[in-house]
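These notes concern the structure reproduced below.
Quick note on labels: first sequence line is chain A, next is B, and so on, each numbered from 1.
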Protein chains: 2
Amino acid sequence: MTATLRDEIRQRKPFRSIYEEAALNIVRTAALLSADFEQIFKPYGLTGTQYNVLRILRGADEAGLCRNDVRDRLLTRMPDATRLLDRMEKAGLLSRAREQEDRRLVTTRLTKKGRQLVDDLDPIVARQHRERLGHMSDKQLATLNSLLTQARHPE
Amino acid sequence: MTATLRDEIRQRKPFRSIYEEAALNIVRTAALLSADFEQIFKPYGLTGTQYNVLRILRGADEAGLCRNDVRDRLLTRMPDATRLLDRMEKAGLLSRAREQEDRRLVTTRLTKKGRQLVDDLDPIVARQHRERLGHMSDKQLATLNSLLTQARHPE
DNA sequence: TGACAGTAGGTGTTATGACACTTATTATCC
DNA sequence: GGATAATAAGTGTCATAACACCTACTGTCA
């Protein structure tokens with residue numbers, strides 16, 4: 001057995017390219033952050049996606065949003081937005097109403113309970129963000145944000 | 001209605017802090033990268049997680065790994081590693097064997113077919129990484145990697 | 001004005017993930 | 001050396017996600 005092969009077995013070569021290293025780094029970091037937030041939301045019976053829906057609908061306020069608008073604003077692809085909203089409606093967090101002008105549309109709005117919940121979560125979420133990333137300087141975070149934005153927009 | 005409130009409704013304030021901006025940026029970028037790879041793996045009947053298992057087991061080579069070791073090396077938390085491996089075993093990608101010395105352990109190894117598949121995917125995966133992040137310089141990617149690593153390790 | 005495409009929403013079914021619990025085997029400690 | 005804890009794996013069950021398909025409504029244009 002050659003030394004090279006032995007090394008290959010003992011410690012698997014972690015990255016093949018700096019691109020791959022970056023991609024894995026991004027995904028791993030996101031997984032860590034997401035897992036933290038899932039834990040935070042669990043006591044409130046929310047998943048991370050559901051919390052995002054609350055945030056999105058709060059942003060739309062009284063005007064509300066139709067299903068596809070909610071879906072398209074989510075961070076992750078969500079092909080089954082209907083039943084996601086079904087569950088949240090059942091939990092009393094949002095209401096849905098068929099539009100009269102265009103009867104294809106169903107507008108979704110936060111209920112008072114939903115609004116209250118997302119408001120209540122604000123300080124908890126903010127604290128978690130600070131705890132997770134507060135050890136980094138503003139300059140570092142700005143650089144990180146700039147690089148990530150660039151990563152998402154190849155031109 | 002005050003101007004502030006109107007703005008609030010029209011365009012939801014995207015970030016409350018630079019921490020939050022960074023966190024959302026990371027998660028959003030990861031979602032984009034992951035979705036791309038899911039698409040790449042789909043024609044091969046693989047999910048992203050399954051591909052990661054293939055990579056992990058290739059790294060372990062003949063020695064193989066027990067279930068918990070595989071699980072702990074995955075990028076995302078995976079509480080149901082047994083059935084994940086079940087499916088891959090059924091697909092002929094890996095084999096499992098109860099150890100004789102410690103009969104609690106079941107060692108998992110790639111089959112020839114599994115090894116072949118992950119090897120075949122190497123150039124495709126590498127190309128995808130280049131296409132996604134090739135517009136960024138080595139220096140930028142190195143900075144990004146450094147910042148992400150730092151983000152994951154608060155001290 | 002009536003066929004037809006396009007759009008919004010929803011449903012049925014299967015696969016996967018999450019969570020609590022169980023079994024089998026080994027290590028520990030009196 | 002035997003009770004007990006610890007470790008590894010697996011199972012039962014329910015919730016969620018993914019995918020293809022269906023229905024209702026609107027706009028367009030011959």
| query | On DNA chain D, nearest-nucleotide positions of B:Gln39 versus A:Gln50: which is more 5'? | reply | A:Gln50
| 5′-ward residue of the pair A:Arg98/B:Leu65 relative to DNA chain D | B:Leu65
Between [N] atom [atom2] and [X] atom [atom1], what is the distance in whole Å?
X: A:Phe41; N: D:dT16; atom1: CZ; atom2: P; value: 16 Å
X: A:Leu85; N: C:dG9; atom1: CG; atom2: C1'; value: 11 Å
X: A:Leu74; N: D:dT16; atom1: CG; atom2: P; value: 15 Å
X: B:Asp80; N: D:dC14; atom1: CG; atom2: P; value: 16 Å
X: B:Gln100; N: C:dA24; atom1: CD; atom2: P; value: 17 Å
X: A:Glu89; N: C:dG9; atom1: CD; atom2: P; value: 13 Å
X: A:Asp86; N: D:dT16; atom1: CG; atom2: P; value: 11 Å
X: B:Met78; N: D:dT16; atom1: CE; atom2: C1'; value: 13 Å

Does [X] place a side-chain N or O at less than 4.0 Å from the phosphate oxygens OP1/OP2 of [N]?
X: B:Asn68; N: D:dT7; answer: no
X: B:Lys42; N: D:dC19; answer: yes
X: B:Arg87; N: C:dT16; answer: yes

| Under 6.0 Å between ring centres, would you say that holds for A:Tyr19 and B:His135? | no
| said: If we check salt bridge (charged side-chain N to carboxylate O under 4.0 Å, His left out) with B:Glu89, which of these qualifies: B:Arg83, B:Arg96, B:Arg67? | reply: B:Arg96
| request: Hey, could you give me the CG/CG distance between B:Asn52 and B:Leu84, rounded to the nearest 0.5 Å? | output: 10.0 Å
| remark: CZ (B:Arg28) and CG (B:Leu33) are apart, to the nearest 0.5 Å, by 13.5 Å
| query | Any sub-3.5 Å donor-acceptor pair from A:Glu20's side-chain atoms to A:Ser17's backbone N or O? | reply | no
Between [options], which one does the side chain of [X] approach most closely?
X: B:Asp102; options: C:dT26, D:dT11, D:dA18; result: C:dT26
X: B:Leu105; options: D:dA17, C:dT26, D:dA8; result: D:dA8
X: B:Val106; options: D:dA18, C:dG17, D:dG10; result: D:dG10

Which part of the nucleic acid, if any, lies within contact of [X], taking any heavy atom under 4.0 Å across all strands shown: a base, the sugar-phosphate backbone alone, or nothing?
X: A:Glu99; value: nothing
X: B:Arg103; value: sugar-phosphate
X: A:Arg71; value: nothing
X: B:Arg96; value: sugar-phosphate

| Under 3.5 Å, is there a donor-acceptor pair linking the side chains of A:Asp120 and A:Gln116? | yes
Base [N] to side chain [X], donor-acceptor N/O within 3.5 Å cut-off:
X: B:Arg83; N: D:dG10; answer: no
X: B:Arg67; N: D:dA9; answer: yes
X: A:Arg104; N: C:dG9; answer: no

